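I'd like to ask you about the structure that follows.
Treat the numbers as computed from the prediction; the structure is a model and nothing was measured. So that the names make sense, note that chain A is the first sequence line, chain B the second, and so on, each numbered from 1.
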2 protein chains.
Amino acid sequence: MATTQPSSVDRPPTIHDIAALCGVAASTVSRALSTPDRVNIRTRLRIEAAAAELRYIPNNQAKALSSGRTGAVGVLVPDITNPFYFDLIRGTQLQLKAAGYTQLLVDTEESDEVEASTMEQLRKSADGIIVAASRLSDEALLAAAAKMPMVTMNRDVSGVPAVLIDTPSATSQGLDHLISLGHTRIAYMAGPVTSQSSTRRWTTLADAAEERGVEVRKLGPFAPKTQSGAAAADAAVHSGVTACIVFNDLIAIGMLQRLRERGIRVPEDMSILGCDDIFGADFCNPPLTTIASPIEQAGRVAVSMLLAQLNPLQGGPSRRLAVMPTHLTIRGSTGPARVP
Amino acid sequence: MATTQPSSVDRPPTIHDIAALCGVAASTVSRALSTPDRVNIRTRLRIEAAAAELRYIPNNQAKALSSGRTGAVGVLVPDITNPFYFDLIRGTQLQLKAAGYTQLLVDTEESDEVEASTMEQLRKSADGIIVAASRLSDEALLAAAAKMPMVTMNRDVSGVPAVLIDTPSATSQGLDHLISLGHTRIAYMAGPVTSQSSTRRWTTLADAAEERGVEVRKLGPFAPKTQSGAAAADAAVHSGVTACIVFNDLIAIGMLQRLRERGIRVPEDMSILGCDDIFGADFCNPPLTTIASPIEQAGRVAVSMLLAQLNPLQGGPSRRLAVMPTHLTIRGSTGPARVP
DNA sequence: CGAATAATGACAACCGGTTGCCAAGCCTTG
DNA sequence: CAAGGCTTGGCAACCGGTTGTCATTATTCG
């Protein structure tokens, strides 16, 4: 009979239903739920009780539209299937959830275009974004950061808050490790040219090599996938080096497989030193000597920095830069240089 | 001077800006952009040109609020860091993006409560959900499926569309493999009790074992993490079996590590047969014999089934069930039974 | 050439909240 | 007891689109 039934309707309850039930205005309900102090304690309790009874769940879309705040944070990674990002994603997810935010995860497929258009999309649907290993130019990143709160990871652009994982310094530590094992012919297997991590690492490594009077040659670039390991392995063998410092563990693991196929023993004939300590680095064959990074922690820090930007009230001034320490983890893939 | 400037404002353009620029009503712009046929071709072109000029990007929140369609699909996985789900996530992401949908990825942390509350949340912010390896009860799942379009993965509840990965049948194939290698004392290392996959697999396995006249005992349950592998390995050794069929590769890899620590050789002293063929299964030591699953493909199929529900117009009737075939991949972790 | 029909676009309500503004009510204080 | 201040809650506009209704115009047909 009734055109509208207060509680038995299938449609999810709204603040209007609560308002009707309590005999107050919808705006009062809104205030009771979002700014409890602005409302009389008794009214508030009544409203809260009604909300609970109706199993009210606020509509995020509507909230976002009217308030401008979405309660969501975009997380952009170049490749979801790269284990490196697993821990990162978990770190951001945990920290965001703890702060009451939702994570919008997007795989940008290593493409600057996808990355740019995603950012444009997210401008309306997220309060801020975390961009891991951006493939964008400095200018593009800076422009994007001007439009919405942003934190980059492993990408340092002046003016954009960033979390950096300090692999460069551990890389020279890795170089020392190899030198102390007697290696003199060493290669750096480079990652994508657009990867600032790879560039930074190579620069540090080249400097360190010069200081120590050893020669390190750069091979590559190689795509950050295990499949690229075959090409990397072949290049390394062909170049006559006895040890490789590899852009990341994914390529390093691929190299391990290829070298095994070719009958080249690791570490007897060739030492391999990876980077990141991803899932799998400890149980591959042989277990990978690598530069361990606090990836999950880095994700959390990135979220903290972003949230500091979003809510400037609480907490001190937001940091511009966070540098995460790394350390060399020695396993079985590095050993004494073969005597020629 | 002017309180409102048509195009130089920093605020993103809306359909109203376009309408003003073209001298038409906002509703016409809306129609031109979403139902092009309902609008004169010349007006449409003018509007499209204006939209391009203004770099107009529709506001998803507003779209969702007014139309009820969000253009987003929730994907719920129990554990983001489990490599099994990487490929799944990638599969769903690719297929969703191809269909113009956004993926909302949520890690439910193996918790039925988180899962339930997430579903409730998503009811407003997503058009449908894909639930992998749900921890919910049949009733809860069915109730949730009644409220919004849903596809489950590796979880068969009558009335809810599902994608199943047919590991049970490959499991008996795996059993045959072990029997042919001379194993007679075999264990099944079970996964979580709430996992239907594990239960189904065990049922099939027990039947197959009886048929073939061998004894397979069930050990566990074990959490689907590499760390659980240690307990699993110890349990296997203690029980005196010579071969293990393991719930998943994660546990199997953990067992491999533990057995190595304890000086038990694989496959000479103990054969290990995993499940899923996750990242790492091919390069662990020894490489894992496992039941390979088309995980990414399963993700795509799940999306297709969900989209068929969402847009019943195009395409035939939506399937209730999809069963993905699997196959046994033999690597180095299984071998002839040790002669006592 | 007039009428029927279809195509087109404007108007306005609506989705579910948020928020500025204002009035009423309460209490405190002189 | 009156004046002033603060608390409280209602009204209504607004966020940016979608969509049903309807008037106008263009087109086609008899």
Roughly how far, to the nearest 0.5 Å, is the CE atom of A:Met148 from the CG atom of A:Leu306? 8.5 Å
Test: B:Arg90 and A:Asp79 ion pair at under 4.0 Å: yes
Summarise protein proximity over nucleotides 18-26 of chain D in one line of letters, 5' to 3': B for base, S for sugar-phosphate only, - for none, counting protein heavy atoms closer than 4.0 Å. BBBB-----
Is a donor from one side chain sitting under 3.5 angstrom from an acceptor on the other, for A:Gln121 and B:Asn60? yes
Taking any atom closer than 4.0 angstrom to a non-hydrogen atom of chain A, what span of DNA chain C does the protein reach, first nucleotide to last? C:dG16 to C:dC21
Between atom CD of A:Gln297 and atom CG of A:Asp87, what is the distance when rounded to the nearest 0.5 Å? 12.0 Å
To the nearest 0.5 Å, what is the distance between OG1 (A:Thr108) and CD (A:Glu113)? 12.0 Å
Is the side chain of B:Arg300 donor-acceptor paired with the backbone N or O of B:Gln93 at a distance under 3.5 Å, no angle test? no
Residue pair A:Glu115 / A:Ser134, side-chain donor-acceptor N/O under 3.5 Å: yes
Please report the distance, rounded to the nearest Å, between CD1 in A:Ile47 and P in D:dG9. 7 Å
Nearest-nucleotide comparison on DNA chain C, the residue closer to the 5′ end among B:Asp37 and B:Leu65: B:Asp37
Salt-bridge criterion met for B:Asp156 and B:Arg320 (N-O under 4.0 Å): yes
